[in-house]
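First up is the structure itself, then whatever we jot down about it.
All heavy atoms count here, side chains included; hydrogens, waters and symmetry mates do not.
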Amino acid sequence: MSKRTELKPEEKVRIEFIDKLLKKTGWTLLEEKAKIPSQGYYAAQEVEIKGKFADYILYENGKPIAIIEAKREGDASLESALQQAKLRYEERTSESYDNSSIYNVPFIFAVNTKRDPKNNLVPNIKLWDLRSKTSRSRDVFSFYTPR
């Protein structure tokens with residue numbers, strides 16, 4: 001008889017929701033530590049940026065375009081996750097997407113899950129568009145498609 005291993009709460013959000021939503025919206029998921037192709041639209045997991053790890057980074061033609069931070073079910077800290085990601089990854093690098101903001105990427109997503117009115121577990125996604133200094137986070141229903 002094999003021992004059943006339980007997923008950690010954050011892993012559950014990643015596997016059951018984030019991975020599926022990324023595939024559904026047109027992103028190709030890469031294996032951890034895979035080389036980022038220079039052409040195409042990819043989602044890489046556990047990417048190190050200057051000694052810090054992002055849960056996911058979305059790449060467009062080899063350039064990072066968005067960071068996704070995963071949190072466990074019901075974690076009320078999505079706003080703080082966005083702030084944390086903004087601070088952690090704000091320093092621009094030569095790999096930065098473009099010059100649309102002072103940040104390394106134009107978009108940050110934070111994701112957890114919550115219960116809907118029928119008690120179903122559903123994704124809870126917040127987006128922060130860093131291209132505008134006056135931008136605030138907002139709820140979205142899914143990730144942006146590569147287009």
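- Checked by atom type and distance alone, the side chain of N61 pairs as donor or acceptor with a backbone atom of G40 at under 3.5 Å.
- Across all their heavy atoms, P146 and G26 have their closest contact at CG-O, 3.5 Å.
- Side-chain contact between F143 and L22: present, with at least one pair of heavy atoms (C-beta onward) separated by less than 4.5 Å.
- Note on R14 versus E46: salt bridge recorded, some NZ/NE/NH1/NH2 to OD/OE distance being below 4.0 Å.
- A pairwise comparison of heavy atoms in P64 and I57 identifies CB-CG2, 3.7 Å as the closest pair.
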Derivation of the side chain to side chain contact (heavy atoms under 4.5 Å, CB included) call for L29 and K23 = CA-CA 7 Å; L29 283 173; K23 289 176 188 176; 3.2 Å; yes

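- Residues K126 and E79 are in side-chain contact: their nearest non-hydrogen atoms beyond the backbone lie under 4.5 Å apart.
- When every heavy atom of L58 is checked against every heavy atom of A43, the shortest pair comes out as CD2-CB, 3.5 Å.
- Applying the ring pair (Phe, Tyr, Trp, His ring centres under 6.0 Å) test to pairs two or more places apart or on separate chains, none has a residue in residues 10-46.
- Distance check, rounded to the nearest 0.5 Å: CD of E16 to CG of L21 gives 12.0 Å.
- Residues D139 and I125 are not in side-chain contact: their nearest non-hydrogen atoms beyond the backbone lie 4.5 Å or more apart.
- A distance-only check finds a donor-acceptor pair linking the side chain of D55 to the backbone of A70 [under 3.5 Å].
- You'll find the side chain of K71 reaches within 4.5 Å of the side chain of L78, heavy atoms only.
- Side-chain polar atoms of Y56 and D19 form a donor-acceptor pair below 3.5 angstrom.
- For the pair I65 and V105, the minimum side-chain heavy-atom distance is 4.5 Å or more.
- The two atoms that bring T25 and S142 nearest to each other are CG2-OG, 3.2 Å, heavy atoms only.
- Tracing side-chain contacts under 4.5 Å through hydrophobic residues (I, L, V, M, F, W, Y), one never reaches I18 starting from L121; they form parts of separate clusters.
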List the steps, then state whether side chain to side chain contact (heavy atoms under 4.5 Å, CB included) holds for V111 with N124.
-> CA-CA 6 Å; V111 183; N124 182 31; over 6 Å; no

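- Annotation: side chain of L82 is not in contact with side chain of E69 (no heavy-atom distance under 4.5 Å).
- Within the model, atoms CG of D129 and CZ of R138 stand 7.5 Å from one another, a figure rounded to the nearest 0.5 Å.
- S135 places none of its side-chain heavy atoms less than 4.5 Å from the side chain of L130.
- Around the CD atom of E32, the shell of radius 6.0 Å holds more than 12 heavy atoms that belong to other residues, nucleotides or ligands.
- Here D116 pairs with K118, N120, V122 under the side chain to side chain contact (heavy atoms under 4.5 Å, CB included) rule; sequence neighbours left out.
- With values rounded to the nearest 0.5 angstrom, W128 atom CH2 is found 14.0 Å from F109 atom CZ.
- To the nearest 0.5 Å, atoms OG (S137) and CG (L127) are separated by 8.5 Å.
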